[in-house]
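This report concerns only the one structure given below.
Keep in mind that this is a model prediction, so the values were computed, not measured. The sequence lines fix the lettering, A, B, ..., with proteins before strands; numbering per chain opens at 1.
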Amino acid sequence: MNYSKEVDKKWQGKWKKEGLYKYNPDNKKEKFYTMEMFSYPSGAKLHLGHWFNFAPADSFARFKKMQGYNVFHPMGFDAFGLPAENYAIKTGIHPEDSTRKNIETMKRQLEEMGGSYDWDYSVETCMPEYYKWTQWIFIQLYKAGLAYKKKAPVNWCDSCKTVLANEQVIDCKCERCGTVVKRKKLDQWFFKITDYAEELLEGLKDLDWPESTKKVQVNWIGKSKGTEIIFKGENNEYQFKVFTTRPDTVFGVTYVVLAPESAIVQKITTEDQKEVVEKYIENTLKLNEIDRLSTEREKTGVFTGSYVINPVNGEKVPVWIADYVLEEYGTGAVMAVPAHDTRDYAFAKKYNLPIKEVVIPKDDEDYELPYTNYGKLINSGKYTGLTSEEAKKMITKDLSEKNKGQETINYRLKDWLVSRQRYWGAPIPIINCEKCGTVPVPEKDLPVLLPYDVEFTPDGESPLKKSKEFMECTCPNCGRKATREADTLDTFVCSSWYELRYPDAKNTEKAFDRQTIDKMAPVDVYVGGKEHAAMHLIYVRFMTKALRDLGYLDFDEPFKKLIHQGMILGPDGNKMSKSKGNTVSPDEYIDQYGADVFRMYIMFGFDYRKGGPWDDKGIDAMSKYFSRIERLVETVTNELKDIPSNDEIGLKEKELLRVKNQTIKSMTEDIEDFRFNTAIARNMELLNSINTYIRDNDKMNKNLLIEVIEDFIRLLSPLAPHFSEEMWEQLGKAQSVYEEEWPKVNEAQLTGGTKEIPVQVNGKLKMCVSVDAEASPEKILTAIKSDSKVKELFNQYDVQKEIYVPGRIYNLVVKN
RNA sequence: GCCGAUGUGGCGGAAUUGGUAGACGCACUGGACUCAAAAUCCAGCGGGAAACCAUGUGGGUUCGAGUCCCACCAUCGGUACCA
C-alpha cells in the first residue's frame with residue numbers, strides 16, 4: 001500500500017498553503033453552521049474519544065460543503081476548570097502553562113487528523129479576550145436582576161479547609177485526606193434560570209433533538225402542578241407552607257415534615273427536643289442528595305416538639321424533621337398522609353404515627369394501604385363523596401379564598417449556582433464596597449484579569465483572596481477602598497455562549513455583533529456527548545433566551561439539531577481511565593496506518609450514536625480496502641490506458657449505473673444522519689461492483705467506468721480526505737476533490753432488473769417470487785398469483801385470507 | 001433511589017421504521033495462483049439431517065414482532081462543584 005502518514009502531511013501542507021478551509025462570510029451560498037462540543041484540554045493529547053467525536057463530525061462538515069453550503073465549522077477549547085487546578089496542586093505546574101501547552105498539542109493533532117477548521121474563528125475560554133466577554137455577560141445578567149447572591153451549601157473538608165467538588169467526595173469522605181465531608185453554607189452567586197423554566201420546557205417541542213435528551217430535560221425541569229397550603233402554629237406564633245400535588249388527601253394529614261436545614265426548625269424546636277434535633281441536623285449535613293432521596297434507604301426523622309394546625313379541619317398535628325425532605329425543593333416542607341403515600345406510610349409505621357384514610361377506590365374494589373391512586377373521598381368533611389379530581393380543585397379553591405393556600409406550579413429546576421471558590425476560572429466581575437454593597441465592575445474596566453502569581457494550594461480561602469493586588473481596589477461608585485469578589489465563574493458559564501462568539505471571534509468591541517449572529521444562528525447541527533443532556537445543554541439554552549430578552553440577539557434556541565455520539569470504551573468494556581489501565585491511544589495507529597485509515601475504521605466499526613468497546617482487529621482490513629482502491633486507480637490509469645472504450649450501454653453497464661446511483665442515494669442519506677458505518681458499507685459495495693464490472697468484461701465502456709470511479713472517489717472524499725485527494729490527483733485532476741460537487745442521483749438509472757417478493761404462509765416464509773422491479777403493485781400481485789408454486793400452496797392449505805402488502809410481501813392465512 | 005439509554009451469529013454491526021433477520025466487514029473453512037509463504041482472486045460461513053429453532057428473560061397484541069405493550073434481568077450515562 002502506498003497511502004501513509006506521509007500522504008497526510010503532503011495534503012495538510014497543501015491545504016494550509018492554499019487556505020482551503022478558510023471561511024468566507026461574504027460567500028453567497030447558503031450558510032451551514034455545524035460544530036462539536038469543544039474539548040477540555042486536560043490531557044496532553046487527543047484521545048480516542050476526541051477522535052470518535054471530531055473525525056466523523058468533520059466528515060459531515062466536508063459533506064455539507066460538497067453539497068454546496070457555505071459551511072462554518074469552528075473549533076475551540078473549554079480551557080478553565082478543576083482538573084488543571086488539581087494537576088497544578090499536585091505537580092506545581094501552573095494551570096495556565098499546562099493548559100496553553102495542551103492546547104497547542106491538541107491543535108496540532110486536530111490538524112493531523114485532517115480537521116477542516118478555520119483557526120481564525122476559534123475560542124479559548126481562558127484567554128482574557130474571551131473571558132472579558134463572559135464577565136460582560138455576567139454584568140448584563142446582574143443588571144437585569146438575573147444574577148443574585150444567596151447562601152447555599154457546599155461540600156466542605158475541615159482538614160483540607162477547602163470546598164470539594166462532588167467528584168472529590170468518595171463515600172461522604174474527602175478523596176485527599178479521608179475526612180468526613182460536611183455541608184457548609186457560603187455566600188454564592190446564582191443565575192435565575194428558574195425564571196425561564198416554562199420557556200425552556202416549551203421550547204423543547206420544536207427542536208430536532210433526540211427524544212431521550214428532550215425527556216431528560218423535561219424531567220430535569222420537573223414541572224408539577226400542585227397546591228401550597230399554610231400550616232400555622234397552635235397560637236399563630238409561626239407558620240410555613242407545604243407543597244403538595246395531592247390536596248385531596250389533606251384531611252388525612254397526621255403530621256408534617258420539615259427539611260432539617262430549614263431555618264424555621266431552630267425557631268420551633270422545643271427545649272426538651274433540642275438535643276436530638278441538633279444531633280439529627282448534624283448527621284443530615286453529612287449526607288449527599290442522592291442518598292437522602294433514595295427510596296431504598298430506611299427513612300429516619302425526629303420530632304421537633306411542636307405542633308401545627310391543619311387548616312382544613314383544625315386538627316393539631318406534630319412537626320417532624322426528616323432528611324428525605326430537601327430545603328431546595330418546593331417549600332422545604334411536606335404534609336404527611338401515611339394512608340396514601342408510600343414513603344409517609346413507612347415513616348408512620350416506624351414511628352407509630354396515626355394513619356387516617358381519606359381516599360378509597362371509586363368502584364369499591366379491594367385495596368391495601370397505602371392506597372396511592374386517585375379515588376373518592378371519605379372522612380373529609382364537606383368534601384366527602386367527591387372524586388380526587390373534583391376535591392383537588394375544590395379544596396384548593398376554598399383554601400385560597402380563605403388565604404390559607406393557593407394553586408402553584410413547582411419546578412424541580414434550581415437556580416444555577418455559578419460561584420466557585422477556585423483559582424482557574426473567570427473572576428466574577430463584582431466589587432464589594434462597605435458603603436455601596438455589591439457593585440459591578442464598569443464595562444470599560446473589563447476584563448478583570450486573573451492574576452498569574454497566586455497561591456492556589458487549598459488552605460481555607462478562595463485562592464484569589466490571597467492576592468492583595470487582585471483584591472484591593474476602589475469602589476467605582478463612591479471611590480472608597482473596596483475589595484473584589486474572590487470567587488470565579490463555573491466553567492459552564494464559559495461554555496454557555498461560545499457558539500455566539502465563534503462567528504465573531506476577534507471582535508474587540510463587543511461579545512458578538514448582533515447582525516452577524518442573527519445571520520449565522522442557530523447552529524444547524526451540534527454534535528457532542530449525551531452526558532451533557534441536562535446541564536450544559538440547558539444552560540446554553542437559558543443563556544440564549546436571556547441574551548435575547550436583553551436585546552443582544554433575535555432567536556430563541558442555540559442549536560436546531562443535536563446529535564450525540566456514543567462512547568468508545570476500553571477493550572475490557574469499561575470506561576477508559578488511567579486508573580483502570582485500559583486506555584488506548586490513537587497515536588500509534590496514525591503512525592502505522594495514516595489518519596484516514598483510522599478515521600474510516602472508527603466510522604465503519606461502530607455505530608456513531610452508540611460507540612462500544614475498542615477493538616482493533618478490523619483495522620488491517622480497512623488498510624486493505626485502501627489498497628484495493630489504489631489498485632483500481634492504478635489499473636484504470638495504467639493498464640487500461642491504451643484500451644479503446646466501447647461506448648455502448650448494455651446490461652452490465654446498466655447494472656453498474658444502478659449500483660452507483662443507489663450508492664449515491666444511500667450514502668447521501670446515511671451521512672446526513674450520521675450513519676457512517678452504513679455509508680462506508682455502501683461505498684464498499686460500489687467498489688465491489690466496479691471490480692466485478694472490470695473482471696467480467698473484455699469489452700468495457702471505459703468512459704463510463706472512469707465516470708463511475710470519479711464519483712466513487714467523490715463519495716469517499718469527506719470520509720477519507722487525504723487519501724481521496726491523493727487518488728483524485730492520480731486520476732489526473734488538478735483541483736482539490738474537496739472543491740468538487742457531491743454526486744447527484746439520476747432517478748432514471750436507479751431502478752431496473754427484478755426483485756424478490758417473499759411469499760408467506762401464516763407469516764412464515766415459504767418461497768420467493770421473482771418479479772419485474774418496475775411493475776405496478778397490481779401487476780406484481782398477478783404475477784405472484786400465477787406462479788405455479790404459489791398455486792400449489794392453495795391446493796396444499798385451506799386458505800382463509802390473503803394479505804398483500806403492495807410490492808412488499810404476500811401472506812396466506814391458513815387453517816391448520 | 002430517581003431520570004435517560006442499550007442488549008441481534010465466534011466478533012463489529014445491518015434490517016426500507018410492523019413485512020425475506022444477519023447487509024457490509026472481521027475471523028474462520030475450502031479452492032486457485034506459488035517451489036513455498038505472504039499478498040491477491042474465487043467459493044462457503046447462525047444452529048439443525050430435516051421438520052423447524054433463533055434478536056437478554058418471561059408473557060401479550062397481530063395474518064406477521066428485533067421493531068408495539070406488560071413484567072423482569074444485565075450493562076452504560078446523568079443526578080446540579082468533572083467537563
Side-chain angles (χ1 to χ4, degrees), chain A residues 37-40 42 78 80-83 86 154-155 163-169 188 193 210-220 222 288-297 324 328 412-422 490-492 495 529-536 538-539 564 566-567 569 573-575 601 604-607 609-613 615 617-622 624-625 627-628 631 666 669 675 677-685 688 691 695 756-768 800-803 805 808-814:
Chain A
M37 288 181 187
F38 60 175
S39 60
Y40 179 74
S42 63
D78 190 14
F80 277 136
L82 187 62
N86 285 341
V154 293
N155 301 313
V163 174
L164 298 177
N166 288 339
E167 72 161 7
Q168 295 176 299
V169 182
Q188 311 254 42
I193 191 170
E211 283 308 314
S212 59
T213 302
K214 290 191 192 180
K215 276 186 204 161
V216 167
Q217 294 214 347
V218 167
N219 293 325
W220 189 265
N288 64 36
E289 237 166 73
I290 293 173
D291 288 337
R292 285 176 66 170
L293 288 175
S294 169
T295 49
E296 202 91 313
R297 203 172 55 97
Y324 67 84
E328 283 136 10
R412 203 190 72 102
L413 184 71
K414 294 189 273 194
D415 273 341
W416 175 11
L417 196 168
V418 297
S419 296
R420 296 292 181 271
Q421 291 71 43
R422 307 198 185 279
D490 177 10
T491 55
F492 277 126
S495 58
K530 54 176 156 280
E531 64 274 19
H532 291 292
M535 301 175 71
H536 164 62
I538 285 193
Y539 294 147
H564 294 310
M567 192 187 285
L569 307 168
N574 292 307
K575 199 172 171 176
Y601 177 63
F604 182 59
F606 302 87
D607 175 340
R609 287 179 169 75
K610 223 168 85 191
D615 180 355
K617 270 197 215 116
I619 196 163
D620 271 320
M622 187 52 77
K624 283 177 188 169
Y625 182 60
S627 304
R628 289 178 67 199
R631 279 199 301 276
S666 314
E669 290 165 1
R675 292 190 305 253
N677 52 349
T678 48
I680 293 171
R682 298 290 95 83
N683 189 258
M684 288 172 166
E685 281 171 348
N688 289 343
N691 279 333
R695 174 163 52 90
E756 303 277 293
I757 304 294
V759 176
Q760 300 179 333
V761 173
N762 284 348
K764 276 185 184 158
L765 181 72
K766 289 292 167 192
M767 54 192 279
C768 285
Q800 305 283 308
K801 201 174 157 190
E802 294 167 51
I803 289 166
V805 182
R808 295 284 279 278
I809 199 159
Y810 182 68
N811 186 23
L812 297 177
V813 184
V814 306

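Under 3.5 Å, the side chains of A:Asn688 and A:Arg628 contain a donor-acceptor pair of N or O atoms.
Using C1' as the reference atom, B:rU16 and B:rG66 are 15 Å apart when rounded to the nearest Å. Rounded to the nearest Å, the gap between the P atom of B:rU62 and that of B:rG13 is 35 Å. If you take atom C1' in B:rG1 and the same atom in B:rC70, they sit 23 Å apart, rounded to whole Å. Remark: the separation of the P atoms in B:rG7 and B:rU55 is 14 Å, to the nearest Å. B:rC26 and B:rG44 are spaced 16 Å apart, taking the C1' atom of each and rounding to whole Å.
Which of B:rU16, B:rU20, B:rU6 sits closest to the side chain of A:Arg808 comes down to B:rU16. Side-chain proximity of A:Leu765 to B:rC41, B:rU20, B:rC11: nearest is B:rU20.
With RNA chain B read from its 5' end, the first of the two nearest nucleotides for A:Ile680 and A:Lys766 is the one closest to A:Ile680.
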Would you list the protein and nucleotides 56-58 of chain B atom pairs, both N or O, that sit under 3.5 Å from each other?
none

Check: protein-nucleotides 61-65 of chain B nitrogen or oxygen pairs below 3.5 Å:
from: B:rC63; atom 1: O2; to: A:Asn811; atom 2: ND2; distance (Å): 2.3

What protein N or O atoms touch nucleotides 77-82 of chain B N or O atoms at under 3.5 angstrom, if any, and at what distances?
from: B:rA80; atom 1: O5'; to: A:Asn166; atom 2: ND2; distance (Å): 3.3
from: B:rA80; atom 1: N6; to: A:Arg412; atom 2: O; distance (Å): 2.9
from: B:rA80; atom 1: N1; to: A:Lys414; atom 2: N; distance (Å): 3.0
from: B:rC81; atom 1: OP2; to: A:Arg420; atom 2: NH2; distance (Å): 3.1
from: B:rC81; atom 1: O4'; to: A:Arg420; atom 2: NE; distance (Å): 3.2
from: B:rC81; atom 1: O4'; to: A:Arg420; atom 2: NH2; distance (Å): 3.4
from: B:rC81; atom 1: O3'; to: A:Asn166; atom 2: N; distance (Å): 3.3
from: B:rC81; atom 1: O2'; to: A:Asn166; atom 2: N; distance (Å): 2.6
from: B:rC81; atom 1: O2; to: A:Arg422; atom 2: NE; distance (Å): 3.4
from: B:rC81; atom 1: O2; to: A:Arg422; atom 2: NH2; distance (Å): 2.6
from: B:rC81; atom 1: N4; to: A:Gln421; atom 2: OE1; distance (Å): 2.7
from: B:rC82; atom 1: OP2; to: A:Asn166; atom 2: N; distance (Å): 3.4
from: B:rC82; atom 1: OP2; to: A:Glu167; atom 2: N; distance (Å): 2.9
from: B:rC82; atom 1: O4'; to: A:Glu167; atom 2: OE1; distance (Å): 3.3
from: B:rC82; atom 1: O4'; to: A:Glu167; atom 2: OE2; distance (Å): 3.1

Would you tabulate the nitrogen or oxygen pairs shorter than 3.5 Å linking the protein to nucleotides 25-33 of chain B?
from: B:rG25; atom 1: OP1; to: A:Asn688; atom 2: ND2; distance (Å): 3.0

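Side-chain N/O atoms of A:Lys215 include one lying less than 4.0 angstrom from OP1 or OP2 on B:rA5. Between A:Arg695 and B:rC42, a side-chain N or O to OP1/OP2 separation shorter than 4.0 Å is present. Contact between the side-chain N/O atoms of A:Asn219 and the OP1/OP2 oxygens of B:rC2 is not found at any separation under 4.0 Å.
The residue A:Arg682 sits close to a base: some heavy atom pair falls under 4.0 Å.
For the ring-ring contact (aromatic ring centres under 6.0 Å, His included) test, residues two or more places apart in sequence or in another chain that qualify with A:Phe38 are A:Tyr498.
Under the side chain to side chain donor-acceptor pair (under 3.5 Å) test applied with A:Tyr810, the options A:Glu802, A:Gln760, A:Lys766 reduce to a single match, A:Glu802.
In RNA chain B, runs of at least 3 stacked Watson-Crick or G-U pairs (N1-N3 plus N6-O4 or O6-N4, or N1-O2 plus O6-N3, all under 3.5 Å) give these stems: B:1-7 with B:73-79, B:10-12 with B:24-26, B:28-32 with B:40-44, B:56-60 with B:68-72.
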